[in-house]
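The structure under discussion appears below in the form of structure tokens.
Side chains are part of it too, since the values below use all heavy atoms of this structure and drop only hydrogens, waters and symmetry mates. A quick note: this is a predicted structure, and the numbers were derived from the prediction, not measured.
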Amino acid sequence: MLDAIEKLLKEYKKNLQKMSAQTTALALIQRKESLVKKAKKSGETESESAKTSITSATSGLGETVKGQFGKKIGQVLDEQGNMLNKF
């Protein structure tokens, strides 16, 4: 009788450890997903900020720098903006 109780207690502790490990794993998975979402959102925000800066630089330089050099600057900045859109 005592052996059966000890066996049940041992099995209970083993199951408790399994459940604890599963709970910890689920918590880590949720934390990872949260961090990934946060990083992705931060990257999108920075990308939008960079696009805005390039757009304002393009318009500002387009008015300031004239001629062939101004066209080249505008072209390069447009390419950078397109690259950010693809990113």
Show me the donor-acceptor pairs, under 3.5 Å and distance only, between side chains in residues 22-43 and residues at least two apart or in other chains.
residue: Thr23; atom: OG1; partner: Met19; partner atom: O; Å: 2.8
residue: Thr24; atom: OG1; partner: Ser20; partner atom: O; Å: 2.9

Partners meeting side chain to side chain contact (heavy atoms under 4.5 Å, CB included) with Lys18 (sequence neighbours left out):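 Lys14, Asn15.
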
Tell me, please, which residues at least two apart from Glu79 pass side chain to side chain contact (heavy atoms under 4.5 Å, CB included).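 If we apply the side chain to side chain contact (heavy atoms under 4.5 Å, CB included) test to Glu79, skipping adjacent residues, the hits are Gln75.
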
Could you pull out all residues at least two apart from Glu48 that satisfy salt bridge (charged side-chain N to carboxylate O under 4.0 Å, His left out)?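 Listed in chain order: Lys51.
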
Show me the donor-acceptor pairs within less than 3.5 Å that the side chains of residues 1-13 make with the rest of the protein, sequence neighbours left out.
none

